[in-house]
Amino acid sequence: MTTRTPTVALLYPGHAAEDDYPLAETALDGTIRLPVIITEIESDDHTVEAMRAVGTDMPLREGANRALAHAPDALIWACTSGSFLYGWDGAHEQVARVAEQVGLPVSSTSLAFAAACRELGVTSVSVAATYPAPVADGFTAFLAGAGVTVISSSAHDIHTATEAGILDGDNLFEMVRAADSPDVQAILVPDTALHTIGWVADLEREIGKPVLTANQVTVWQATRLVGVDATTNGLGMLFTSDAAASA
C-alpha cells in the first residue's frame, strides 16, 4: 500500500527564489511535498504600496484556486512583506480569508516567523532586511505584535524582489554578520525572494545562534501544518529535535 506524502502548496508572488523549496524538500528526504504556485503581481518593487498589493485578496484567491489541483493538505502564503505590512491582526485576517475559501489550514511566512520565535524561546532579535527602511519598519511593528523585540534592524535598500533573488552567498553572509550582536538571541532575514536554504546551517555555525530566514521558516511552518517530523541537520537549529534548548 502506497502512503500519500503530505502536501503543502506554497503561494509565491512572482519569480525570485522559489527554487529554494525543492532544495528543502530534498533536505527533508521527501517527507513533504511543497508545490509552488506563482501568484500574479503587478510590481516586485520593495515599496510599501507594491508589497501590500501582492497580498490583496484577488491574487491570493486566484492562486489558492490553482493550488487545489495539487490536492494539498494545507496552504502557505509564502511572502513576508505581503503579509506583515498588514500588521499583526491583518496578517491573521489575510490567511483566515484564504482558509475559509479552500477549507484547509492556511498560514503565511510572517506568521511562521512569529511561530518559529516562540518555538525557540526567542524574544529579542536583530533583523537583516533586504528591503528599504519603510518596509523593514513594518516587520519590526509586526514582530512587536508577536512579543518579539527588534534590538536592531538593518535595511539594505534592495529595491526589487528580482534584485534580491540574484544575491549570492557572500552578500547574505555579509548581511547576517553585520546584523549580529551579543544583545540578540537570533537573527531574522525576512525576504522569500532571497536564496537562503542552502546556507542556513553554515550561517548558524559561523554566527553561533539561530538564523531564521523567510524560506526556512515557511518550510518549517509547512511541516507543522501537516504534522511531518521536521528533524534534519541541514536546515538550521529550528529543524533540530532540541531546537528550543539550542536557542
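Throughout, numbering of the chain's residues begins at 1 and tracks the sequence. The model shown is predicted, which means the values in this text are computed figures rather than measured ones.
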Does [X] reach the main-chain N or O of [Y] with its side chain, forming a donor-acceptor pair under 3.5 Å?
| X | Y | result |
| --- | --- | --- |
| T196 | T213 | no |
| R33 | P6 | no |
| E206 | F173 | no |
| Q94 | G55 | yes |
| Y12 | T39 | no |
| S81 | C79 | no |
| T26 | P22 | yes |
| S126 | A179 | yes |
| T232 | A27 | yes |

Answer yes if the side chains of [X] and [Y] hold a donor-acceptor pair under 3.5 Å, and no otherwise.
| X | Y | answer |
| --- | --- | --- |
| D45 | S43 | yes |
| T149 | S124 | no |
| T162 | D44 | yes |
| H195 | D19 | yes |
| Q185 | T123 | yes |
| N65 | Q101 | yes |
| T218 | T109 | yes |
| D29 | T31 | no |

Value rounded to 0.5 Å, distance of [atom1] in [X] from [atom2] in [Y]:
| X | Y | atom1 | atom2 | result |
| --- | --- | --- | --- | --- |
| L203 | Q216 | CG | CD | 9.5 Å |
| D191 | H156 | CG | NE2 | 11.5 Å |
| R177 | L172 | CZ | CG | 9.5 Å |
| T80 | F142 | OG1 | CZ | 9.5 Å |
| D229 | L28 | CG | CG | 9.0 Å |
| H46 | T160 | NE2 | OG1 | 6.5 Å |

Where [X] and [Y] come nearest, the two heavy atoms and their spacing:
| X | Y | answer |
| --- | --- | --- |
| V176 | I207 | CG1-CG1, 3.8 Å |
| A115 | Q221 | CB-OE1, 3.8 Å |
| R66 | H70 | O-CD2, 4.1 Å |
| T192 | A78 | OG1-O, 3.2 Å |
| G82 | V54 | CA-CG2, 4.0 Å |
| K209 | E204 | O-CG, 3.5 Å |

Under 4.5 Å between any side-chain heavy atoms of [X] and [Y], yes or no?
| X | Y | value |
| --- | --- | --- |
| I187 | D180 | yes |
| E40 | M58 | no |
| Y21 | V219 | yes |
| W220 | E119 | yes |
| I32 | T7 | no |
| C117 | L188 | yes |

Are there over 12 heavy-atom neighbours, none belonging to D168, within less than 6.0 Å of that residue's CG?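 It does: D168 CG has more than 12 such atoms within range.
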
For E62, does the CD atom sit with more than 12 other heavy atoms under 6.0 Å from it, leaving out its own atoms? yes

Membership question, hydrophobic clusters at under 4.5 Å side-chain separation (ILVMFWY): are [Y] and [X] in the same one?
| X | Y | value |
| --- | --- | --- |
| L60 | V48 | yes |
| L120 | V217 | yes |
| M51 | I76 | yes |
| V150 | F84 | yes |
| L194 | L23 | no |

Evaluation steps, side-chain contact (heavy atoms from CB on, under 4.5 Å), between L111 and V95: CA-CA 9 Å; L111 297 177; V95 298; 3.8 Å; yes

side-chain contact (heavy atoms from CB on, under 4.5 Å) between R61 and V98: does it pass, once the steps are laid out? CA-CA 7 Å; R61 286 183 177 277; V98 179; 5.7 Å; no

Passing candidate, side chain to side chain contact (heavy atoms under 4.5 Å, CB included) with L238, options L212, V200, V211: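 Testing L238 for a side chain to side chain contact (heavy atoms under 4.5 Å, CB included) against L212, V200, V211 leaves exactly one candidate, L212.
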
Take D73 and R4, measure what salt bridge (charged side-chain N to carboxylate O under 4.0 Å, His left out) needs, and give me the verdict at the end. CA-CA 11 Å; D73 302 291; R4 181 180 178 277; 2.9 Å; yes

Quick check: F113 with F139 (ring centres under 6.0 Å apart)? yes

Mind running side-chain contact (heavy atoms from CB on, under 4.5 Å) on L75 and L11 for me, showing each step along the way? CA-CA 7 Å; L75 275 66; L11 307 181; 4.2 Å; yes

Start with the C-alpha gap between L143 and S110, add the side-chain angles, then the distance that decides, and say whether side-chain contact (heavy atoms from CB on, under 4.5 Å) holds. CA-CA 9 Å; L143 290 172; S110 292; over 6 Å; no

Report the C-alpha separation of R205 and D202 in whole Å, then their side-chain angles, then the decisive distance to 0.1 Å, and conclude whether the salt bridge (charged side-chain N to carboxylate O under 4.0 Å, His left out) test is met. CA-CA 5 Å; R205 276 191 288 270; D202 290 335; 2.2 Å; yes

side-chain hydrogen bond (donor to acceptor under 3.5 Å, both in side chains) partners of S154, counting only residues at least two apart: none

